[in-house]
Protein chains: 2
Amino acid sequence: MATFFNSVSLVGSISDMKKYTVQDVFKGVNFSLLELEIAEKAFEEILVKKGDVLLTPGQFVPYQYFVFSGCLRTYFISETGKEYTLQFAIKDWWITDYTAFFTNEKSMFYVDCVTDAVICKISKESMEQLYKEVPQIESFFRVKMERFFGSYQKRILSDLASSAEEKYLRFVKSYPDIEKNIKNYHLASYLGITTESLSRVRHELAKK
Amino acid sequence: MATFFNSVSLVGSISDMKKYTVQDVFKGVNFSLLELEIAEKAFEEILVKKGDVLLTPGQFVPYQYFVFSGCLRTYFISETGKEYTLQFAIKDWWITDYTAFFTNEKSMFYVDCVTDAVICKISKESMEQLYKEVPQIESFFRVKMERFFGSYQKRILSDLASSAEEKYLRFVKSYPDIEKNIKNYHLASYLGITTESLSRVRHELAKK
DNA sequence: CTTGTTTATTACCATACATCAATTTTTTAG
DNA sequence: CTAAAAAATTGATGTATGGTAATAAACAAG
């Protein structure tokens with residue numbers, strides 16, 4: 001099934017190809033040449049394949065990942081063996097187990113690739129260094145986290161107040177580009193319903 | 001019922017009583033005397049009463065609130081008239097509609113007082129000014145938001161993966177000091193179940 | 001203390017979604 | 001293109017939680 005990041009299909013750094021740059025990562029930040037150079041060094045661009053696992057439960061979380069292309073997800077497997085998807089990440093999103101990343105605790109989650117992807121990774125230490133050397137970046141991330149926070153808030157509300165059908169509709173409306181990339185069972189595990197229920201929800205909606 | 005903040009029971013600033021200080025708000029921050037003075041000015045300490053409403057849906061969100069004592073909550077009322085509680089805040093917590101606060105959009109939520117409380121409020125403009133004048137405070141809030149974020153993440157997971165009973169047990173274990181302050185229907189609206197179901201859950205647990 | 005009001009409990013029935021199992025459709029690999 | 005595997009659908013049935021209503025308990029005001 002899923003193959004582990006360290007053991008397979010790590011195609012390697014292609015940063016010298018300059019397909020993507022740090023400026024793609026920090027859109028809107030006005031770097032000086034010096035700052036740009038500092039930021040460049042903090043990143044490593046990598047290719048990953050569908051099924052690759054970037055993070056497993058029980059590990060510390062040294063990196064966060066920025067997605068240039070493709071689709072990744074964070075998910076959790078309960079004691080009963082069921083999968084629950086916390087987050088998907090497509091182009092321009094960041095992903096990792098942020099709770100563990102921030103607190104230096106061990107992760108509860110898997111992060112894996114739903115499709116082949118081009119991503120870059122940055123370590124926590126590099127991040128903190130960057131905050132000091134390029135103060136704009138601390139603000140940049142603050143704003144990112146604020147938005148992220150907002151999306152979590154909306155989700156909590158949606159989970160509390162909505163039926164399976166409503167949650168499904170909200171998802172496809174909010175994230176049409178994600179739906180294209182994922183299997184039904186991925187989406188079901190995000191919505192907190194079974195694949196069977198998702199199938200029935202779609203069937204009902206199609207009739208309308 | 002609930003009385004509006006602007007219209008009633010605003011006991012007024014008692015900052016000259018020096019019961020609480022900005023140092024209580026920013027625990028761990030080492031202020032210079034000058035910085036302390038700057039920070040002091042950004043705050044207004046106020047007494048609020050059970051039922052007072054600090055924020056209503058459709059309003060812009062000029063303030064965030066820090067709780068010195070008492071209990072507040074953020075909640076949402078759906079089209080069907082049901083209440084869903086997003087968050088409670090007791091001593092040392094911050095509360096507002098952060099999504100709207102950050103994005104300068106109108107709130108979807110009410111914030112009201114579950115009990116009489118002593119709080120202080122700070123405006124978004126003051127915040128941003130403070131970030132500039134006391135850089136430690138931007139870091140302070142980043143860490144706060146990181147923790148907040150983590151609690152939201154855990155909640156999303158709990159909502160996805162847990163039964164009513166499990167969610168209840170998680171809540172009382174995580175927030176024993178909150179449970180003391182709130183009515184059953186407050187807790188039910190946070191867990192996303194009915195008061196009847198909460199009552200049954202407790203009944204079942206008592207038998208064990 | 002008494003009375004009215006708010007909050008919590010209990011019982012009975014309804015429903016959304018889960019579970020299990022069989023089948024069809026789509027995707028993948030040779 | 002074909003065969004095997006993975007994913008999605010459909011049907012029959014089970015279960016947790018919701019809805020309604022009646023009652024009881026807790027709280028608040030005079």
Side-chain angles (χ1 to χ4, degrees), chain A residues 1-3 8-9 49-52 71 73 75 78-85 112-116 158-172 178-208, chain B residues 1-3 9 49-51 71 73 75 78-85 112-116 158-172 178-208:
Chain A
M1 268 351 43
T3 48
V8 83
S9 77
K49 288 199 146 176
K50 180 175 174 177
D52 282 359
C71 183
R73 69 170 180 144
Y75 66 102
S78 71
E79 321 77 52
T80 58
K82 284 182 203 154
E83 276 183 23
Y84 299 93
T85 296
D112 76 1
C113 303
V114 173
T115 67
D116 291 358
S158 170
D159 287 350
L160 283 180
S162 312
S163 66
E165 180 173 308
E166 289 163 336
K167 287 191 280 184
Y168 170 73
L169 288 171
R170 191 181 89 88
F171 185 90
V172 296
I178 293 179
E179 204 203 358
K180 290 170 202 158
N181 283 294
I182 62 179
K183 302 287 183 192
N184 275 8
Y185 65 83
H186 289 137
L187 180 47
S189 81
Y190 178 96
L191 298 177
I193 61 178
T194 59
T195 54
E196 293 92 334
S197 291
L198 177 55
S199 191
R200 285 174 197 123
V201 162
R202 281 183 162 148
H203 185 73
E204 283 308 303
L205 287 168
K207 291 200 300 190
K208 291 176 186 172
Chain B
M1 297 272 108
T3 48
S9 78
K49 288 200 147 175
K50 180 175 173 175
C71 182
R73 69 169 177 145
Y75 65 102
S78 70
E79 319 78 50
T80 58
K82 283 180 205 157
E83 276 184 24
Y84 298 92
T85 297
D112 76 0
C113 302
V114 173
T115 67
D116 291 358
S158 170
D159 287 350
L160 283 180
S162 313
S163 66
E165 182 173 307
E166 289 163 337
K167 287 192 280 184
Y168 169 74
L169 287 172
R170 190 181 89 88
F171 184 90
V172 296
I178 293 179
E179 204 202 358
K180 291 170 201 159
N181 282 295
I182 62 179
K183 302 287 184 191
N184 274 10
Y185 65 83
H186 289 138
L187 179 48
S189 81
Y190 177 95
L191 299 177
I193 62 178
T194 59
T195 54
E196 292 90 338
S197 290
L198 177 56
S199 193
R200 284 171 205 126
V201 163
R202 281 182 161 149
H203 186 73
E204 285 307 304
L205 287 168
K207 290 201 297 191
K208 292 176 183 172

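Source: prediction; values computed, not measured. Order of the sequence lines sets the chain letters (A, B, ...), proteins ahead of strands, with each chain counted from 1.
- Atoms CG (B/Leu205) and P (C/dT9) sit 12 Å apart, rounded to a whole Å.
- Atom NE2 of A/His186 is separated from atom P of D/dA6 by 14 Å (rounded to the nearest Å).
- Inter-residue side-chain proximity for A/Leu205 and A/Tyr168 is flagged as met; some heavy-atom pair is nearer than 4.5 Å.
- When each of D/dT10, C/dT10, D/dG18 is scored by its nearest atom to the side-chain atoms of B/Ser197, the top-ranked nucleotide is D/dG18.
- Between B/Lys82 atom NZ and D/dG18 atom C1' there is a gap of 8 Å when expressed in whole angstrom units.
- Per the geometry, CD1 belonging to B/Ile182 stands 14 Å off C1' belonging to C/dA8, to the nearest Å.
- In this structure, CD of B/Glu204 is placed 14 Å from C1' of D/dT15, rounded to the nearest angstrom.
- A close approach under 4.0 Å does occur between a side-chain nitrogen or oxygen of B/Asn184 and OP1 or OP2 of C/dT9.
- Between the P atom of D/dT17 and the CG atom of B/Leu198 lies a distance of 12 Å, rounded to the nearest Å.
- Across all strands, B/Thr194 comes closer than 4.0 Å only to sugar-phosphate atoms, never to a base (heavy-atom distances).
- Rounded to whole Å, the distance from CG on B/Leu191 to C1' on D/dG18 is 15 Å.
- Distances shown here put every side-chain N or O of B/Lys167 at or beyond 4.0 Å from the OP1 or OP2 atom of D/dT17.
- Remark: C1' of D/dT10 and NZ of A/Lys207 are 12 Å apart, rounded to the nearest angstrom.
- Summary of helix geometry: the two end axes of the helix from C/dC1-D/dG30 to C/dG30-D/dC1, each defined by five base pairs via their C1' atoms, are inclined to each other by 60° (rounded to 10°).
- Distances shorter than 4.0 Å separate some side-chain N or O of B/His203 from OP1 or OP2 on C/dT10.
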Identify each atom pair where a protein N or O and an N or O of nucleotides 26-29 of chain C are less than 3.5 Å apart, giving names and distance.
residue, atom, partner, partner atom, Å
C/dT28, OP1, A/Lys50, NZ, 3.3

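- Between B/Glu196 and B/Arg200, the closest side-chain pair of non-hydrogen atoms falls below 4.5 Å.
- Heavy atoms of B/Arg202 sit nowhere under 4.0 angstrom from any nucleic acid atom.
- Classification of B/Glu179 and B/Arg202 as a salt-bridged pair holds, one side-chain N sitting under 4.0 Å from a carboxylate O.
- Taking only side-chain atoms of A/Tyr185, from C-beta outward, the nucleotide of C/dA18, D/dA7, C/dT9 with the closest atom is D/dA7.
- Nearest to the side chain of B/Arg200, among D/dG19, C/dA18, D/dT9, sits D/dG19.
- Closest to the A/Ser163 side chain, of the nucleotides C/dC20, C/dC17, C/dT9, is C/dC17.
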